[in-house]
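Below, chain A is the first sequence line, B the second, and so on; all start at residue 1.
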Number of protein chains: 2
Amino acid sequence: MRVSRKTAEKNRETVVRTASEQFRTYGYDGIGVANLMKAAGLTQGGFYKQFKSKDALEIEATELALEENLELWSQAMDGASDPVQVLKDWYLSPQHVSAVGKGCTYATLGAEATRQGSEMQHVFGTAIEQQVTALAGKLGDPAETRQVAIRTMAQMIGTLILARAVSDADLQDEILQAGRGA
Amino acid sequence: MRVSRKTAEKNRETVVRTASEQFRTYGYDGIGVANLMKAAGLTQGGFYKQFKSKDALEIEATELALEENLELWSQAMDGASDPVQVLKDWYLSPQHVSAVGKGCTYATLGAEATRQGSEMQHVFGTAIEQQVTALAGKLGDPAETRQVAIRTMAQMIGTLILARAVSDADLQDEILQAGRGA
DNA sequence: ATTATCTATAGATCTATAGATAATGC
DNA sequence: ATTATCTATAGATCTATAGATAATGC
């Protein structure tokens, strides 16, 4: 039953990574500790030896998801001559629309974060600040870049949420196209 | 205990209206039938004589919330010479940011709707289509108006979600200002 | 000997139902 | 007599804890 400390550390990371995808897919309240641990290949009993509470895991999993976000945006824009257009095309692709669990955390959990208390808001606040700074760095005019970066982020997030909320394929297409344009 | 049919119908409407606010505030999974009925001034036992299931109430309450949305946007733009700017100023005001329960349903429940099954997606799809059509009707150039309407909606929704996800007042202000500008 | 994970379960909460109560509506 | 709402509760599920099990690490 017992595993080595190295394996235990790996198991813990697997739980956080699994949770970061499951929360994005089902919401914080949409999946319980038992199913989370099962999805990570473990049993529920071990959970509270690794984490203080489900709330604590929500924070850790969200931090990981938001770090991945930052990394993915960076990669998408890397070396592009028109970084914003490349970012939009990647972010608003059908692949990202259907990749809910591995996709943008702002779009999946941003609205729920508002209800999760001040610690979660702090996690989102820090991440948004970093994301805006990183995106602004890719742009030209330093005076307006932060405002442009925020508008670009908001536009993409709002577009992805609308596209996903819709079942009609034509309307979804129209929404994504609008987001990619101007 | 029993009340007149007229009162019973009124009670049912109170439950739907209360639910439309409570779901926006706490999420579909964040409030139970017992607390919902208590918030409407009734007890939980009567619920299932009025509604088939909690899912059925979620659909009805969301339909009502989305109808109110359409109405509010319309009112905000009514008679304005620059309807989009007026709409943005109203939508991205500090009042709307804090009025979660009575505020925009796309921003509070749009991401969760994706997980609630095809019936809920259909409800959102229909509402989005109506909202886009109504907003496009307020704009000029008929060729691009739907795309502009969608972009405006997405931008506002994304901005509101980001603003609410943040606890830092300065960052929230910066986000809202970016959304109101160009 | 220590401890990572397991099985089992306590206690709270959630959806849904059953049957009692009392006012309406024929 | 009918029925809108109430109290009470069944059964499922959720978070969290207790104690058993068996492999690691001194």
Side-chain angles (χ1 to χ4, degrees), chain A residues 1-62 109 112-113 115-117 119-120, chain B residues 1-62 109 112-113 115-117 119-120:
Chain A
M1 294 199 145
R2 187 182 172 188
V3 300
S4 72
R5 279 177 200 164
K6 205 173 156 184
T7 305
E9 181 53 32
K10 221 169 212 164
N11 283 345
R12 192 183 192 283
E13 282 166 18
T14 302
V15 173
V16 178
R17 188 165 17 86
T18 303
S20 91
E21 296 185 13
Q22 299 273 308
F23 286 145
R24 276 179 276 182
T25 306
Y26 302 112
Y28 294 119
D29 294 339
I31 180 137
V33 169
N35 282 325
L36 263 173
M37 290 299 272
K38 193 191 257 181
L42 297 163
T43 57
Q44 56 182 319
F47 181 84
Y48 292 91
K49 298 278 149 68
Q50 286 178 322
F51 303 95
K52 199 187 132 207
S53 65
K54 193 191 172 191
D55 274 13
L57 175 65
E58 289 172 5
I59 294 285
E60 270 195 61
T62 303
L109 295 171
E112 279 168 80
R115 313 174 193 127
Q116 298 283 331
E119 198 177 351
M120 187 65 88
Chain B
M1 293 197 147
R2 187 181 173 187
V3 299
S4 72
R5 279 176 201 166
K6 204 174 156 182
T7 305
E9 181 53 33
K10 220 169 211 166
N11 284 344
R12 192 183 191 283
E13 282 166 20
T14 301
V15 174
V16 178
R17 188 166 17 85
T18 304
S20 92
E21 295 185 14
Q22 299 273 307
F23 286 145
R24 277 179 275 183
T25 306
Y26 302 112
Y28 294 119
D29 294 339
I31 180 137
V33 170
N35 282 326
L36 264 172
M37 290 298 275
K38 194 191 257 180
L42 297 162
T43 57
Q44 55 181 320
F47 181 83
Y48 291 91
K49 299 277 149 67
Q50 287 178 323
F51 302 95
K52 199 187 130 208
S53 63
K54 194 192 172 191
D55 273 12
L57 176 65
E58 290 172 5
I59 294 286
E60 270 196 63
T62 303
L109 294 172
E112 278 167 82
R115 314 176 192 126
Q116 298 283 333
E119 197 177 351
M120 187 65 89

Starting from P on C/dA16, measure out to CG on B/D55 and report it in whole angstrom.
7 Å

Check the pair B/F23, B/L36 against side-chain contact (heavy atoms from CB on, under 4.5 Å), reporting the backbone distance first and the verdict last.
CA-CA 9 Å; B/F23 286 145; B/L36 264 172; 3.8 Å; yes

Given the structure, check if the side chain of A/R2 and the base of C/dT2 hold any donor-acceptor pair shorter than 3.5 Å.
yes

Is D/dC6 paired to anything, Watson-Crick or G-U wobble with both distances less than 3.5 Å, and if yes, which nucleotide?
C/dG19

Would B/F51 and B/V33 count as a side-chain contact (heavy atoms from CB on, under 4.5 Å) here? Give the steps.
CA-CA 11 Å; B/F51 302 95; B/V33 170; over 6 Å; no

What is the separation between atom CD on B/E58 and atom C1' on C/dC14, rounded to the nearest whole Å?
13 Å

For atom NZ of A/K38 and atom C1' of C/dT7, their distance in whole Å
14 Å

Rounded to whole Å, CZ of B/R12 lies from C1' of D/dT5 at a distance of 15 Å

In this structure, how many angstroms lie between the C1' atom of D/dT5 and the NZ atom of B/K10, rounded?
18 Å

For atom CG of A/L36 and atom C1' of D/dA16, their distance in whole Å
15 Å

Does a nitrogen or oxygen in the side chain of B/N11 sit under 4.0 Å from OP1 or OP2 of D/dT5?
yes

Any sub-3.5 Å donor-acceptor pair from A/K54's side-chain atoms to A/D29's backbone N or O?
no

Taking for B/Y28 and for B/R5 the nucleotide of DNA chain C with the nearest heavy atom, the one nearer the 5' end belongs to B/Y28

Compare the minimum distances between each of C/dT5, D/dT5, D/dA16 and the side chain of B/A8, then state the nucleotide with the smallest one.
D/dT5

May I ask you to say what A/K49 touches in the nucleic acid, namely base, sugar-phosphate or nothing, with a heavy-atom cut-off under 4.0 Å?
base

In this structure, how many angstroms lie between the P atom of D/dC14 and the CG atom of A/N35, rounded?
6 Å

Against the side chain of B/L42, the closest entry in D/dT5, C/dT5, C/dT24 is D/dT5

Mind checking if A/Q44 touches a base, just sugar-phosphate, or nothing, with heavy atoms under 4.0 Å?
base

Looking for any heavy atom pair under 4.0 Å, which part of the strands does B/G32 touch: base, sugar-phosphate only, or nothing?
sugar-phosphate

Presence of B/Y48 side-chain N/O under 4.0 Å of C/dT17 phosphate oxygens OP1/OP2:
no

Distance (rounded to the nearest 0.5 Å) between B/M120 CE and B/D55 CG
8.0 Å

Looking across every strand, which nucleic acid part, if any, lies under 4.0 Å from B/T43 by heavy atom: base, sugar-phosphate, or nothing?
base

Rounded to the Å, how far apart are B/D29 CG and D/dT15 P?
11 Å

Separation between OG1 of B/T18 and CG of B/N11, rounded to the nearest 0.5 Å
10.0 Å

For B/V33 and A/G45, take the nucleotide of DNA chain C holding the closest heavy atom to each; which residue's nucleotide lies nearer the 5' end?
A/G45

